Asker: 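Supplied in structure tokens, the structure appears directly below.
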Amino acid sequence: MNLVVLTGAGISAESGLATFRDLGGIWSQVRLEEVATPEAFAADPARVQGFYNARRAQLFRVAPNPAHLALARLDALWTRGDFLLVTQNVDDLHERAGARRLLHMHGELRRARCLACGEDHPWLEDIAPHSACPGCGAAGRLRPHVVWFGEMPLHMARIQEALAGCDLFVSIGTSGRVWPAAGFVAELRGRARTLEINLEPSEGASLFDETRHGPASRLVPAWVEEMLTA
Ligand code: APR
């Protein structure tokens, strides 16, 4: 049985990272048009860098929760088929929990991309105006390696290939409001079994064969246990 698991900000909520669209979420604090688009970066790079520098610094103050740890355990122990964890999150909690077969379709806070050479590199501190590319040395040409609205998500060919062959698709902690991730469940109808695990019904809840609503830190370990003992 080939598994594809999709995660969103809700899986990191209990680690202390704010989601985007819940009450008090990130997009109620700052307008995404001002910090999460190429136009915003062109207009005010310092504002955009500051937004991502603050979120990158926060990574040092949070830790994986039982949901991240359970998915890493499933990744390590699943032998009855393929496994791929696709996350919309840019935090590093899945890696720190031990996940290996993981793709960040919206990029990663802890990498910086160079506009001069196009390469992305590990990057843990603030990106400052004069920061130099670890690869080509160009100064002042680094941006967050995060996919902004209007940009193409990453690893889509590999994700589509995994979806084409999957038998069970599980969506965890995402509101189903942002494409293309929001469209994965509809693509799979009639071809794979689909399960939503979320605090409350997402936009696409009615498209899933099964939904389980409650906190990820409780529901995800229970589901993983079921998968490993079935
Ligand atoms: N356990 C499970 N689910 C939770 C929890 C929790 N403890 N807390 C919140 N949730 C759910 C909410 O009910 C909501 O449906 O997580 C979802 C979070 O939704 P969003 O804030 O919209 O985050 P996400 O779906 O990841 O957003 C997708 O939008 O802004 C862009 O690029 C950004 O990757 C992000 C994308």
Side-chain angles (χ1 to χ4, degrees), residues 1-15 17 59 62-111 113 119-124 145-147 152-174 176 178-188 191-198 202 204 208-210 212 216-217 219-230:
M1 180 195 291
N2 300 328
L3 307 183
V4 173
V5 178
L6 170 72
T7 61
I11 200 169
S12 297
E14 291 164 272
S15 293
L17 291 180
L59 296 181
V62 296
N65 67 55
H68 297 106
L69 294 166
L71 290 182
R73 180 165 166 256
L74 183 61
D75 182 4
L77 299 179
W78 185 251
T79 56
R80 291 167 46 205
D82 295 336
F83 175 90
L84 180 65
L85 174 51
V86 178
T87 188
Q88 299 173 92
N89 300 340
V90 293
D91 64 56
D92 61 350
L93 295 176
H94 281 307
E95 292 86 338
R96 287 165 57 191
R100 293 283 171 274
R101 292 179 279 182
L102 168 65
L103 292 177
H104 281 270
M105 63 183 289
H106 290 167
E108 300 174 62
L109 279 172
R110 59 177 203 170
R111 296 186 75 82
R113 188 190 310 169
E119 293 298 311
D120 56 273
H121 301 274
W123 196 274
L124 295 178
H145 184 54
V146 170
V147 176
M152 274 300 289
L154 307 174
H155 311 299
M156 286 310 292
R158 284 177 60 192
I159 292 168
Q160 289 297 348
E161 189 185 333
L163 290 172
C166 96
D167 302 298
L168 175 58
F169 173 71
V170 184
S171 176
I172 301 171
T174 180
V178 174
W179 299 76
F184 291 166
V185 59
E187 275 180 54
L188 291 167
R191 287 201 290 119
R193 217 158 61 74
T194 56
L195 164 64
E196 170 175 274
I197 297 176
N198 207 53
S202 73
F208 286 85
D209 298 320
E210 183 190 356
R212 299 182 188 182
S217 65
L219 295 187
V220 176
W223 171 69
V224 166
E225 193 54 30
E226 276 174 38
M227 293 300 290
L228 293 175
T229 51

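Since this is a predicted model, take the numbers as computed values, not measurements.
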Asker: Please report the interatomic distance CZ(Arg193) to CG(Leu188), rounded to the nearest 0.5 Å.
Answerer: 12.5 Å
Asker: Can you list every pair that meets ring-ring contact (aromatic ring centres under 6.0 Å, His included) and has a residue in residues 65-95, with sequence neighbours left out?
Answerer: His68-His94
Asker: Arg101: which residues meet the salt bridge (Lys or Arg N to Asp or Glu O under 4.0 Å) condition with it, sequence neighbours left out?
Answerer: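 Scan of Arg101 (salt bridge (Lys or Arg N to Asp or Glu O under 4.0 Å), adjacent residues dropped) gives Asp75.
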Asker: State, with a plain yes or no, whether a side-chain heavy atom of Val185 is found less than 4.5 Å away from one of Ser171.
Answerer: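 No; the side chains remain at least 4.5 Å from each other.
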Asker: Arg191: which residues meet the salt bridge (Lys or Arg N to Asp or Glu O under 4.0 Å) condition with it, sequence neighbours left out?
Answerer: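 Partners of Arg191 under the salt bridge (Lys or Arg N to Asp or Glu O under 4.0 Å) test: none.
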Asker: Among pairs that include at least one residue of residues 155-171, which meet salt bridge (Lys or Arg N to Asp or Glu O under 4.0 Å), considering only residues two or more places apart or in two chains?
Answerer: none
Asker: Might you point out which heavy atoms bring Pro221 and Ala70 nearest each other, and give the distance in Å?
Answerer: CA-CB, 3.7 Å
Asker: I need the minimum non-hydrogen distance between Ala72 and Gly98, along with the two atoms involved.
Answerer: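 Of all heavy-atom pairs spanning Ala72 and Gly98, the closest is CB-C, 3.7 Å.
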Asker: Of the non-hydrogen atoms in Ser15 and Pro64, which two are nearest, and what is the gap between them?
Answerer: OG-C, 3.7 Å
Asker: Test your reading of the model: is there a side-chain donor-acceptor pair from Asp120 to the backbone of His145, 3.5 Å cut-off?
Answerer: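 Not at all, since once roles are kept as given, no pair shorter than 3.5 Å links the two residues.
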Asker: Residues two or more places apart in sequence or in another chain: which of them pass side-chain hydrogen bond (donor to acceptor under 3.5 Å, both in side chains) with Asp91?
Answerer: Ser12
Asker: Under the criterion side-chain contact (heavy atoms from CB on, under 4.5 Å), I'd like the reasoning laid out for Met227 against Arg80: C-alpha separation, chi angles, the key distance, then a yes or no.
Answerer: CA-CA 10 Å; Met227 293 300 290; Arg80 291 167 46 205; 5.5 Å; no
Asker: Looking only at atom types and distance, does a side-chain atom of Asn198 sit under 3.5 Å from a main-chain N or O of Gly173, one as donor and one as acceptor?
Answerer: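 Yes: the side chain of Asn198 pairs with the backbone of Gly173.
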Asker: How long is the span from the CG atom in Leu168 to the CG atom in Leu195, to the nearest 0.5 Å?
Answerer: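 Taking CG in Leu168 and CG in Leu195, the distance rounds to 6.5 Å.
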Asker: Do the non-hydrogen side-chain atoms of Asn89 and Thr7 ever get within less than 4.5 Å of each other?
Answerer: yes
Asker: In sequence, state the C-alpha distance, the side-chain angles, and the governing distance for Val170 and Leu3, and then conclude on side-chain contact (heavy atoms from CB on, under 4.5 Å).
Answerer: CA-CA 8 Å; Val170 184; Leu3 307 183; over 6 Å; no
Asker: Determine whether a donor-acceptor pair (N or O, by modelled atom type, separation under 3.5 Å) exists between the side chain of Glu196 and the backbone of Phe208.
Answerer: no
Asker: To the nearest 0.5 Å, how far apart are CG in Asn65 and CD1 in Ile11?
Answerer: 6.5 Å
Asker: Could you tell me which residues satisfy side-chain hydrogen bond (donor to acceptor under 3.5 Å, both in side chains) with Asp209, sequence neighbours excluded, listed by chain and number?
Answerer: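 side-chain hydrogen bond (donor to acceptor under 3.5 Å, both in side chains) check on Asp209 returns Thr194.
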Asker: The criterion is side-chain contact (heavy atoms from CB on, under 4.5 Å); which residues satisfy it with Arg73, sequence neighbours excluded?
Answerer: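 Testing Arg73 for side-chain contact (heavy atoms from CB on, under 4.5 Å), a comparison that skips the adjacent residues, returns Leu77, Val224, Glu225, Leu228.
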Asker: When rounded to the nearest 0.5 angstrom, what is the spacing between CG in Leu109 and CG in Leu124?
Answerer: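 The CG atom of Leu124 is 10.5 Å from CG of Leu109, to the nearest 0.5 Å.
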Asker: Counting C-beta onward and ignoring hydrogens, is there a side-chain heavy-atom pair between Gln160 and Glu187 closer than 4.5 Å?
Answerer: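 In contact.
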Asker: State which residues pass side-chain contact (heavy atoms from CB on, under 4.5 Å) with Leu219; sequence neighbours excluded, sorted by chain then number.
Answerer: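 So Leu219 forms a side-chain contact (heavy atoms from CB on, under 4.5 Å) with Ile197, Arg212.
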Asker: What residues form a side-chain contact (heavy atoms from CB on, under 4.5 Å) with Ala181, not counting sequence neighbours?
Answerer: Leu6, Gln88, Met105, Phe184
Asker: Can you sort out the partners of Glu108 under side-chain hydrogen bond (donor to acceptor under 3.5 Å, both in side chains), two or more places apart, ordered by chain and number?
Answerer: none
Asker: Closest approach of Cys166 and Ala192, non-hydrogen atoms and distance?
Answerer: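 For Cys166 versus Ala192, the nearest heavy atoms are O-CB, 3.4 Å.
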Asker: Just by modelled atom types, is the Asp82 backbone N or O under 3.5 Å from a matching donor or acceptor in the Asn2 side chain?
Answerer: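 Indeed, once roles are kept as given, a pair shorter than 3.5 Å links the two residues.
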Asker: Side-chain contact, heavy-atom cut-off 4.5 Å: Leu17 with Leu93?
Answerer: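 Counting from C-beta outward, Leu17 and Leu93 do come under 4.5 Å.
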Asker: Does Glu95 form a side-chain contact (heavy atoms from CB on, under 4.5 Å) with His104? I'd like the steps, not just the answer.
Answerer: CA-CA 10 Å; Glu95 292 86 338; His104 281 270; 2.5 Å; yes
Asker: Could you give the distance from CG (Leu102) to NE2 (His155), rounded to the nearest 0.5 Å?
Answerer: 8.5 Å
Asker: Of all residues at least two apart in sequence or in a different chain, which pass the side-chain hydrogen bond (donor to acceptor under 3.5 Å, both in side chains) check with Arg96?
Answerer: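 If we apply the side-chain hydrogen bond (donor to acceptor under 3.5 Å, both in side chains) test to Arg96, skipping adjacent residues, the hits are Asp92.
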